[in-house]
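Working notes for the structure below.
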Amino acid sequence: MLAGAVSVGGLASTFISPAIGWLIDKYGARTVLTSSIMILGVTTFLTGWATIPITFYVTYGIGRIIFSSPVQIGSSVVVSRWFIQKRGRANGILTFCHSIGMTGFPLMASILIGIYGWQVAWHLLGVGVWVIALLPVFLLLAETPESVGLLPDGDKETSIASTETNTTAIIEEISWTLKEALKTPALWQLALAGGLLFVIHSGTNTHMAAFFQDAGLTSNQAAAAVSLNAIFTGLGGLGWGWTIEKIKARYCYAMVAALMSVCSILFSTADTVTEAWIYASLFGTALGGMLVVPSVAMADYFGRSSLGTIRGFTEPFVSFSQAVGALLSGLVFDLTGNYNYAFYTLSIVALMAILLTITATVPIHQDNKKG
């Protein structure tokens, strides 16, 4: 029932994400995030009173939609609009904070459940959403540096003028509309590759603890592997954020996919605690890149002005793939009695992503063509 609520929320966000992206460009990320976080706090609070499945599906499912769509799209769009040259590092820090939440909030929830019980814990987490997220978003968020009299990356007016002859800078600031972007092979290649990577992500992470226990680890050892995976997701995000500023986005994308392919094969050979922890950490490092590189690539390829709408169009590839990946690995296990064939399949999926990304060259906008 828990997994079903996650899947329902993920699938629903597949249909909602395009509208969310359009709303971010139309009314601003501040408005969308503020209203979304208010709703998230309410649904989290109400989950504490959910005592029948349908109520739980409604409250938890809505929360999952908000996390999968407006929170993910809105936060990365704002960061990508504030930075150009330092966009990789900025998105890396965003992913690192995401990892802190993944590691810290389950621990905090378990402590609250131990003290107050699960119902009161849900109420406290709902209030915590408003205190931790709502006030900063409502009071401090600025859509773009230009909206508060600044320039991207903290540049001065003179430094912008001095780079007018820099072809890369000009291309990065070309504004693509969604209609224009849809006509480029690069958009479809990046969107499909991102979806394939999330098939691997959900197909592995959803079943990781169960797989390691089947391989002979205790529940505590398997939990430690999952924790290492989350920790290295944050650290990997920082590393990939720095790397994508030094290497072309499509090569970084392909490198992330290659690492995920290698990790999928390695998982099938894990039969000791040390191997499990090392492979889980490596996979976490790859996931850090999966969370950073696509966001940076979309902004670098298509500019900032319609980024919300473009991300809203590509996000359903992610949410749908998350549902497919978890289901795929589960079905393979039910049919074969182990996860090995699932890992082999996911490795092949990663090879497809490598082919798509490494050939996704930066499109040239009509305004930037000569003649």
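Computation of the quantities below employed the complete heavy-atom set of this structure, encompassing side-chain atoms and omitting hydrogens, waters and symmetry-equivalent molecules.
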With the side chain counted from C-beta on, respond yes when Asp300 and Val362 share a heavy-atom pair under 4.5 Å apart, and no when they do not.
no
Looking only at heavy atoms, the pair that brings Thr95 and Gly288 closest together is CG2-O, 4.2 Å
Say whether, by atom type as modelled, one donor and one acceptor occur between the side chain of Ser147 and the main chain of Thr144 under 3.5 angstrom.
yes
Indicate yes or no: at least one non-hydrogen side-chain atom of Val129 is less than 4.5 angstrom from one of Leu134.
no
More than 12 foreign heavy atoms under 6.0 Å from CZ of Phe138: is that the case here?
no
Contacts table for residues 106-113: side-chain donor-acceptor under 3.5 angstrom, sequence neighbours left out:
{"residue": "Ser110", "atom": "OG", "partner": "Pro106", "partner atom": "O", "Å": "3.4"}
{"residue": "Ser110", "atom": "OG", "partner": "Leu107", "partner atom": "O", "Å": "2.7"}

Judged by atom type as modelled, is there a donor-acceptor pair below 3.5 Å linking the side chain of Thr177 to the main-chain atoms of Glu180?
yes
Are Ile200 and Met352 co-members of a hydrophobic cluster defined by side-chain heavy atoms under 4.5 Å apart?
yes
Give, for atom OG1 of Thr285 and atom CG of Leu235, the distance between the pair rounded to the nearest 0.5 Å.
7.5 Å
Just jot down the side-chain contact (heavy atoms from CB on, under 4.5 Å) partners of Val273, sequence neighbours excluded, or say none.
Leu217, Gln221, Trp277
Linking I/L/V/M/F/W/Y whenever any side-chain heavy atoms sit under 4.5 Å apart, do Val256 and Leu282 land together?
yes
Can you find a pair of side-chain heavy atoms, one from Phe45 and one from Leu125, that are under 4.5 Å apart?
no
Could you go step by step and tell me if Ser13 and Ser69 meet the side chain to side chain donor-acceptor pair (under 3.5 Å) rule?
CA-CA 6 Å; Ser13 66; Ser69 190; 5.9 Å; no
Distance-only check: which donor-acceptor pairs under 3.5 Å involve side-chain atoms of residues 49-56, not counting sequence neighbours?
{"residue": "Trp49", "atom": "NE1", "partner": "His123", "partner atom": "NE2", "Å": "3.2"}

Enumerate the ring pair (Phe, Tyr, Trp, His ring centres under 6.0 Å) contacts for residues 23-44, please, sequence neighbours excluded, ordered by first and then second residue.
none
Donor-acceptor pair, side chain of Arg87 and main chain of Phe83, under 3.5 angstrom
yes
Report yes or no: does Ser76 contribute a side-chain atom to a donor-acceptor pair with the main-chain N or O of Ile73 at less than 3.5 Å?
yes
Ile39 meets the side-chain contact (heavy atoms from CB on, under 4.5 Å) criterion, sequence neighbours left out, with Thr43, Ile62, Ile66
Euclidean distance, Leu190 CG relative to Phe317 CZ, rounded to 0.5 Å
11.0 Å
Do the side chains of Phe105 and Leu124 join up, straight or via other hydrophobic residues, at under 4.5 Å, putting them in one cluster?
yes
With the threshold set at 4.0 Å, does a side-chain nitrogen-carboxylate oxygen contact exist between Glu143 and Arg304?
no
Of all heavy-atom pairs linking Val71 and Leu33, the shortest is CA-CD2, 3.8 Å
Any side chain to side chain donor-acceptor pair (under 3.5 Å) involving residues 231-253? Give me the pairs, sequence neighbours left out, ordered by first then second residue.
Arg89-Glu245
Between Ile244 and Gly88, what is the shortest heavy-atom contact and its length?
CG2-CA, 3.6 Å
Going from CZ on Arg30 to CD1 on Ile24, what distance comes out if it is rounded to the nearest 0.5 angstrom?
15.0 Å
Using the side chain to side chain donor-acceptor pair (under 3.5 Å) rule, collect all pairs that involve residues 257-271, keeping only residues at least two apart or in two chains.
Ser261-Ser347
CZ (Phe313) with more than 12 external heavy atoms under 6.0 Å:
yes
Here the gap from Asp153 atom CG to Trp82 atom CH2, rounded to the nearest 0.5 Å, amounts to 11.0 Å
Contacts of Phe343 that satisfy ring pair (Phe, Tyr, Trp, His ring centres under 6.0 Å) - sequence neighbours left out:
Phe211, Phe267
Could you go through Glu275 and Leu266, starting from their C-alpha distance and side-chain angles, then the distance that decides it, and tell me whether this counts as side chain to side chain contact (heavy atoms under 4.5 Å, CB included)?
CA-CA 9 Å; Glu275 289 177 346; Leu266 290 175; over 6 Å; no
Find out if a path of hydrophobic residues (ILVMFWY) with successive side-chain heavy-atom gaps under 4.5 Å connects Trp22 to Leu178.
yes
Who passes side-chain contact (heavy atoms from CB on, under 4.5 Å) against Pro18, sequence neighbours left out?
Pro316
Determine, stepwise, if the pair Asn205 / Phe283 fulfils side chain to side chain contact (heavy atoms under 4.5 Å, CB included).
CA-CA 9 Å; Asn205 268 23; Phe283 191 67; 3.3 Å; yes
Contact summary for Ala280 and Met208, nearest pair of heavy atoms
CB-SD, 4.2 Å
Below 4.5 Å, heavy atoms only, C-beta onward: do Thr218 and Phe212 meet side chain to side chain?
no
Check: Ile84 and Pro152 side chains under 4.5 Å, non-hydrogen atoms:
yes
Quick one: does any side-chain atom of Asn91 pair with a main-chain N or O of Val292 as donor and acceptor, under 3.5 Å?
no
Between Trp130 (side chain only) and Met38 (backbone N and O only), is there a donor and an acceptor less than 3.5 Å apart?
yes
Are the side chains of Leu346 and Leu328 in contact, using a 4.5 Å heavy-atom criterion?
yes
Applied to residues 321-341, the side chain to side chain donor-acceptor pair (under 3.5 Å) test, sequence neighbours excluded, yields His207-Tyr339
Is the backbone N or O of Ala230 less than 3.5 Å from a side-chain atom of Ser99, with the two atoms forming a donor-acceptor pair by type?
yes
Heavy-atom pair of closest approach, residues Ala254 and Ile358:
CB-CB, 4.1 Å
For Val131, the side-chain contact (heavy atoms from CB on, under 4.5 Å) test, sequence neighbours excluded, returns Val127
Note, Leu307 side chain near Phe302 side chain (heavy atom, < 4.5 Å)
no
May I ask you to decide whether Asp25 forms a salt bridge with Arg81, counting only side-chain N to carboxylate O separations under 4.0 Å?
yes
For residues 184-197, pull every pair meeting side chain to side chain donor-acceptor pair (under 3.5 Å), keeping only residues two or more places apart or in separate chains.
Gln189-Thr359
Side-chain heavy-atom pair Tyr60, Ile65 within 4.5 angstrom cut-off
no
Indicate the atoms forming the closest heavy-atom contact of Phe232 with Ser281, along with that distance.
CB-O, 3.4 Å
Separation between OG1 of Thr314 and CZ of Arg311, rounded to the nearest 0.5 Å
5.5 Å
When rounded to the nearest 0.5 angstrom, what distance separates CG in Leu291 from CZ in Phe96?
13.5 Å
Is Met102 atom CE crowded by more than 12 heavy atoms from other residues, nucleotides or ligands, each under 6.0 Å away?
yes
Using the rule that Ile, Leu, Val, Met, Phe, Trp and Tyr join whenever any side-chain heavy atoms are under 4.5 Å apart, tell me whether Val296 and Ile247 fall into a single cluster.
yes
